[in-house]
Amino acid sequence: MINERITPQAGKAASKQIDKQIGDDFITVEGLGKTFSENRMFGSSGSAVRAVDGASFTVRRGETLALVGESGCGKSTLGRLLLRLIEASEGEVTVDGTKLMELSTGDMRNMRAKMQMIFQDPYGSLSPRRSISQIISEPLEVFGMVQSSRQRRERVAELLSQVGLSPTFMDRYPRQFSGGQRQRIGIARAISVNPQFIVADEPVSALDVSVQAQIVNLMQDLQQSRGFSYLFIAHDLSVVRHIADRVAVMYLGRIVEIGPKARIYNAPSHPYTQALLSAVPEPDPETRRARIILKGDVPNPANVPKGCSFHTRCPIAQDICRVERPKLAETEQEHLAACHFAKPMPIPVA
Amino acid sequence: MTEAPVLVHAQPTAAAIRPLLKVEKLSVEFGPKASPIRVVNGVSFEVDAGGSVGIVGESGSGKSITSLAVMGLIPSPPGRIVEGRVEFEGTNLLELQKSRLPDIRGRDIAMIFQEPMSSLNPVMTIGDQIGEAIKLHEKMSREQRRERIVELLKLVGIPNPEGRLGAYPHQFSGGMRQRVMIAMAVACNPKLLIADEPTTALDVTIQAQVLELMHKVRRTLNTSILLISHDLGVIADVCERVVVMYAGRVVEEADVKSIFRTPSHPYTRGLLQSIPRLNDERTRLYQIPGSVPLAGTVKKGCPFVARCPDRIGRCAEEMPPMFAVSKSQRAACWVTAGAAAAASLGINEGATA
Amino acid sequence: MSTVIQPSSLSPDVDNTIAPEPGFRAALMHMIFGRKSTVFALAVMLIFIVVAVLAPWISPYDPLAQSFLSINKPPSAAHWLGTDQFGRDVLSRMIHGSRNSLLFGLISPALAAIFGTALGVTAGYFGGAVDRVISRLIDLLLAFPELLLAIMIAAVLGGAFWNIIAVITVAFIPGFARVARASTLAVKQEPYVEAAVAVGLRTPTIIIRHIIPNIAAPIVVLMTLWVASAIRLEASLSFLGIGTRAPNPSWGNIIRDGLNNLFGSPWPIIAAGFAITCVVLSFNLFGDAVRDVLDPETAE
């Protein structure tokens, strides 16, 4: 054992190439919106918050669409609207030809075999009183995919090893596991029914840096072997860079820019995206990005500014921005931005 | 004033300049005395006057407990400092009488926390809260104090400071509250500002504003900064020296360039490789296998041994001391130490051959 | 003791070091024998329950047999707790009375817990109009002092055994419903409940699997506290003459009868009062221990 050296796995892991098959549109979202009204007891006169406003986009088979934005921008709400965990106020979601909003509660429940979710909070999203095998096999039971308890345990063992956990843990309880391990369990639960689409709501933001990389890689490996699509909701633009195929940027409930990853990172067109990218502190003391420091804070979502909702903080705002709300318009193929003065601009590195 | 040289303590000529803060072999334990859990284990580092030092580590690394210990804020019980010294301008804070600690805390050493909402009193106006901090440590007339508060709010970039004196914390956003916290912290021109994850709860665009503000505070007040963070990006932005902690121990300490250019502890290397970067095209990230050991489970040897790609037999048996890798860089690793020794040997051999 | 499973291999794709298993049996043993007060409480409860079950065989006399030759006797070798104003053996009446008191004490809180939890969970989980109707109903019941409510119903229906049970149950439902509703509202916010919806579980399954087990701790604690209250309430009702009918004994009417004759002989009151205190205290202590075990956060 003395002087035994273990070869670093880094080289092998990093050189593993991701070779994705991206197919046709699997999910089409059209004009999806959600208004939360407060004080429903006294009629609808209370303040209404437009959490999501007119979201339209598609998710293709096998692709990862990342939804980024700051807290309160409505990205998590939008993810839940897609799964009908929150009922939408307007708009339509079409999954594989089925219109979700028209489905009855029972039919919607059956659709959930195709659409699963991974949650942000690795501590809260696993029921503390249920064993790992009970947690993971729950969806399998719902959709009648296991008949006997032996079959159930076999499936759970298989799933646990697929997410990098020992099958011997299946009778343990969540409290014994670390954050990263719990997230692996949550992933095993989501993939147990072979879904075609997974909404991942900030799946790594509660994890430590070294564990974050493990989970991001695991999610990519699983996508590669099983071919499902992700809607990857995140606020960390660096993580998104590694996992996304396309990126949608949200601000105050609206999608302000959407496009292929390379375009969003190398030629962001919306001033908000530009500011967001420039604000990320680079883990390198010698490359300092020219930071665009935005003025002030995000306005109250209950009182969205008229015109372009970003005009109060925008460094290039003109008169027209205060009056007219810009529509999402194509700047280049598949790259859309909602800005009157949209102009692709790489983030300069000082 | 010009910025203090990075490596004052290593140069005999500059020995006259004592470090502002010197932490030596600090150990903190939690839990019952019979079966204590050691969460900070023999931590030593220094902060020079005018310098900025970052402590980086993941959850469970003991970085926050270390900063609380410096402030004398370890909740006791269940926690206690079992050994070590915390010297501030030559006085050991741990031996200081309890009654004298508040004099230093708040005036000479100030602290800002991660959660700006819970650190402010919701039923007191912003003006009164900042005023209280001044009143405790400095004698001033009412008018003078008011002026000082307005000046502070201006410094931290609160628009219309005169008008906001009577506002309550809930009327401010998260970013604004963190600015108020910073104003309170620097109200008495502290010599050292300890910031524990000051931007973790904030959005990126707001984080950028607060980091900018910390630079400004340093420039204008010449305050030394001890920044605790898990975010290497924030550390790289603010700090001149970096202390890397893992499982309660310091595993590497160096100037910021060396940490990022030539990390010498396998953990630091792994950490740097595993962070996703904005300007990086890789689709797969490097990953450190396994997870951080639970507090108190590492009985002997290097705490990183189970996850280390470079481990040798000795690592599981003996905790390596800090070896000097270069003039401004030290790491606690047998392999690095061996390599450094071999390299110097190699040079000698080369010379003789 | 604290065995940490070491990673079997150094592959970056597995993460197999987990915390040692606390184990439910160990936790149970710890709960029972970890604290002296819990051991004491369990012992007291056990003694009372054994006595109640074995009442006909262990009581030295017939609890209803009167004897004019021995009225108001102080404790003696023949009558350990003395006799009352009809010459009945107090110990025998206490032993038989424990059956009534404990039955009331156990059945009504259990029934109230079942109905109250059902109402509270329904209100809390579904919210909206359902919640408003149930909450107003509960408020209405709460507005009456429980004793007054019990007296009212007992006066209307009469004091038969099941009537008294029903009375105490109804009086206790609002308390359970409130706690259940508040806990449900909190648990409903937990991500694992949303996860259960996302997984495709039906609402009844979600409630039974994910809500009720996680609100059980406060309900069980409340139940143990109210075992004590039920015994007290039964005693009060009997004391007022609408509980257990004379000449049948219960601890409540032993006190009532004793009060009429306080200066003749204080022994019945002392004995019954002591018994009630012991049972109430031991159930409360037991409730604390149960709470500590059921709460996953405090169970280490």
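Chain A is the first sequence line, chain B the second, and so forth, proteins listed ahead of strands; every chain is numbered from 1.
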Colleague: Just so I know, are the side chains of B:Arg284 and A:Asp221 near enough to count as touching, which here means a heavy-atom distance under 4.5 Å?
Modeller: yes
Colleague: With only heavy atoms counted, which part of B:Leu211 is less than 4.5 Å from chain A, the side chain, the backbone, both or neither?
Modeller: side chain
Colleague: Using side-chain contact (heavy atoms from CB on, under 4.5 Å) as the criterion, list what pairs up with B:Cys239, not counting sequence neighbours.
Modeller: B:Ser52, B:Leu227, B:Ile235
Colleague: Walk me through it: do A:Ser210 and B:Glu58 pass the test side chain to side chain donor-acceptor pair (under 3.5 Å)?
Modeller: CA-CA 8 Å; A:Ser210 70; B:Glu58 298 178 278; 2.7 Å; yes
Colleague: For the interface with chain B, which of A:Gly72, A:Ala279, A:Ser238 has the highest count of heavy-atom pairs at distances below 4.5 Å?
Modeller: A:Ser238
Colleague: Answer with side chain, backbone, both or neither: which region of A:Gln212 has an atom nearer than 4.5 Å to a non-hydrogen atom of chain B?
Modeller: side chain
Colleague: Measure across A:Glu70 and B:Ile206 and return the closest heavy-atom pair with its distance rounded to 0.1 Å.
Modeller: OE2-N, 4.3 Å
Colleague: In Å and rounded to the nearest 0.5 Å, what is the CG to CG distance from B:Asp237 to A:Asp284?
Modeller: 11.5 Å
Colleague: Answer yes or no: is there a donor N or O on one side and an acceptor on the other, between the side chain of B:Gln209 and the main chain of A:Leu294, under 3.5 Å?
Modeller: yes
Colleague: Using the salt bridge (Lys or Arg N to Asp or Glu O under 4.0 Å) rule, collect all pairs that involve residues 195-212 of chain B, keeping only residues at least two apart or in two chains.
Modeller: A:Arg291-B:Glu212, B:Lys63-B:Glu197
Colleague: Looking at B:Leu278 and A:Leu277, what are the two nearest heavy atoms and their distance?
Modeller: CD2-O, 3.4 Å
Colleague: Tell me, for A:Leu237 versus chain B, whether the close heavy atoms (under 4.5 Å) come from the side chain, the backbone, both or neither.
Modeller: both
Colleague: Determine whether B:Thr205 and A:Arg313 make a side-chain contact, defined as any pair of heavy atoms from C-beta on separated by less than 4.5 Å.
Modeller: yes
Colleague: Does any backbone or side-chain atom of A:Leu207 lie under 4.5 Å from a heavy atom of chain B? Answer side chain, backbone, both or neither.
Modeller: neither
Colleague: So do the side chains of A:Ser178 and B:Val292 get within less than 4.5 Å of each other, counting heavy atoms only?
Modeller: no
Colleague: For residues A:Arg241 and B:Arg277, determine if any side-chain heavy atom of one lies less than 4.5 Å from a side-chain heavy atom of the other.
Modeller: no
Colleague: Does the side chain of B:Ser274 reach to within under 4.5 Å of the side chain of A:Gln214, using non-hydrogen atoms?
Modeller: no
Colleague: State, to 0.1 Å, how close A:Val239 and B:Pro276 come at their nearest heavy-atom pair, and which atoms those are.
Modeller: CG2-CG, 3.6 Å
